[in-house]
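So the structure is just underneath, and the comments pick up after that.
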Amino acid sequence: MKVSVEPHLFVIFGATGDLMHRKLLPALYRLVTGGHLTKKCVILGVARTDQDDAAFRQQAQQTLLDAGFLTEDTANKWMQENLHYLPMMTSSPDEFAALAAKIEAVEREHELAGNRIFYLALPPSAFPTTIEALGSVGLNKSAGWTRLVIEKPFGRDLASARELNNLVHHHFDESQVYRIDHYLGKETVQNLLFFRFANVMFESLWNRDRIHSVQITVAEDLGVEHRAGYYETAGAFRDMIQNHVTQLMTLVAMEPPVGFNADDIREEKVQVLRSIAPIKPGDFVFGQYAAGKVGPSAVIGYRDEEKVDPESITETFVALRLEVANWRWQGVPFYIRTGKRLQRRVSQIVVNFRKPPVSLFRPFQGEDSSIHSNKLVISIQPDEGFDLHFEVKAPGETKVETQRLRHRYSDTFTNIPDGYQTLLFDVILGDQTLFVRADEVEASWKLYRPLLENPPAPHPYWAGSWGPTEAEKLIVHSDDHWRVI
Ligand code: BG6
């Protein structure tokens, strides 16, 4: 569907960085070549590298070539005409005044009406000074609309998130702010809402009477790569659990919103976070990968990675049990886990339904077997889709067997957009539904306060495994084990 967008200027701070090249530029390129940005989208890259427009355009072209995109004529032409660059070395008030002047010059050149997006693709430590400086030179408002996009992590605990929110709100209205969690841009994550609220079949079973437990796994086979500097200060908890995995959990647990607009949906997600019972020390396990084998390749342990402290106690794995203490979910455990250097890359939600209250079929089953509970397995990535597991009688035998109903996105749909493409387009359109609201980010830091204040020592686990064995103990009491299916 083509929606007409208003001409605008996209100012990207950190425009020579990793995120720009891996995600933002390819996403903008797809939007342009896909014909979504039918009106002008002009980009002004800002970073410390001292270079001119031509060098920036050259770099952008190389990025797109490396990423395997066809640099068609139209896109090349678009880059030549619509990409600008401004070096900012110190982020001093003078430099921000120069930025304001450059913005006006670019807008004049392209006859733009003053619609502006400021995207902070920066290390979190640079958020406060940049937001403060934008406000001080008056770039928080313009003749058109002004939007501020902030990457995760938003703060590193409740106090710092509050402080950052206060600073943001000092200069910008919440309606101007887009806190990014790229998981919310994934089609399969958005589909959780459609799956639940467009299908009466599932929603009527979606409660403590019918569901025994929910598991959410976000596993990566990659290690820390070249991001140790950041990761050593974040760890798996701040990098993944507080944001991506918690977002998945709230979408599974939320009540039906009164409407399908940004605040209706975000309101219900906040309510889930507020309903979660206080987390106790026995409810979480941290891990850190040791050397091992991922697929056929031998890999080094976390402490041996470049720029990692050889005695680091940063966690690369977290498993957690949560209880949503509300009318719908009381007594249903939510098990969530994430880790780097696990056996394979998979993000999956497994909804375990309860077993039948009475086993009529005991005589058909061998001594050791029992009826398996129905399961709904939602595959977020890769191999996006879902499977419904149910029991059937094997023909000619007195045996019960588990079978699956299977849906795969790729069987039906092509051109599934990348998460960043969706989110950037929503920013351009001014739709905040898939962005995290100020109170939501604070509610999630508040929920995890006990864990952040007393982080446990990480248990070592072999790279290529499913994490430390201690994580199994979290789950055994509920007569289950971790699974990826
Ligand atoms: C990022 C984290 O937000 O998400 C990374 O900082 C992680 O550490 C990445 O690898 C995972 O995203 P995806 O989309 O590849 O699952």
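None of these values were measured; they are calculated from a predicted model. Ligands are counted one by one from 1 in listed order, and the atoms in each one are counted from 1 as well. Worth knowing before you read on, the calculation uses all heavy atoms, side chains too, and leaves out hydrogens, waters and symmetry mates.
The cationic atom of R147 (NZ for Lys, CZ for Arg) lies less than 6.0 Å from the six-membered ring centre of W145 and within 45° of the ring axis.
Counting the atoms of ligand 1 from 1 in the order shown, those under 4.0 Å from a heavy atom of Q381 are 13 (P), 16 (O). Below 4.0 Å from some heavy atom of R345 lie the following atoms of ligand 1, by number and element: 15 (O), 16 (O). The distance from ligand 1 to the heavy atoms of K340 drops below 4.0 Å at these ligand atoms: 5 (C), 7 (C), 8 (O), 10 (O). Per-residue contacts place K186 under 4.0 angstrom from the following atoms of ligand 1 (heavy atoms of the residue considered): 13 (P), 14 (O), 16 (O). Near H244, the atoms of ligand 1 lying under 4.0 angstrom from a non-hydrogen atom of the residue are 1 (C), 3 (O), 4 (O).
When only non-hydrogen protein atoms are considered, atom 6 (O) of ligand 1 lies nearest to D239 OD1, 2.6 Å. In this structure, atom 11 (C) of ligand 1 lies nearest to the protein heavy atom E220 OE1, 3.7 Å. With hydrogens left out, the protein atom closest to atom 5 (C) of ligand 1 is R227 NH1, 3.3 Å, a heavy atom. Ranking protein heavy atoms by distance to atom 12 (O) of ligand 1, first place goes to H182 NE2, 3.2 Å.
Taking distance alone, with nitrogen or oxygen atoms compared against 3.5 Å, Y183 approaches ligand 1 more closely than that limit.
Between F413 and H407, the angle of the ring planes goes over 60°, which puts this pair in the perpendicular group of the 30/60° scheme. Classification of the F56-Y85 ring pair by plane angle, with boundaries at 30° and 60°, yields tilted.
Test L120, L19, L122, D181 against E151 for side-chain contact (heavy atoms from CB on, under 4.5 Å) and you get one pass: L19.
In the displayed structure, H170 atom NE2 is contacted under 6.0 Å by at most 12 heavy atoms of other residues, nucleotides or ligands.
Heavy atoms of Y231 found under 4.0 angstrom from ligand 1: none, in either backbone or side chain.
Between the side chains of Q62 and D66, at least one donor-acceptor pair of N or O atoms lies under 3.5 Å. Side chains of K152 and Q242: a donor-acceptor N/O pair is absent below 3.5 angstrom, by distance only.
T314 contributes no side-chain N or O that, together with a main-chain N or O of G235, makes up a donor-acceptor pair within less than 3.5 Å.
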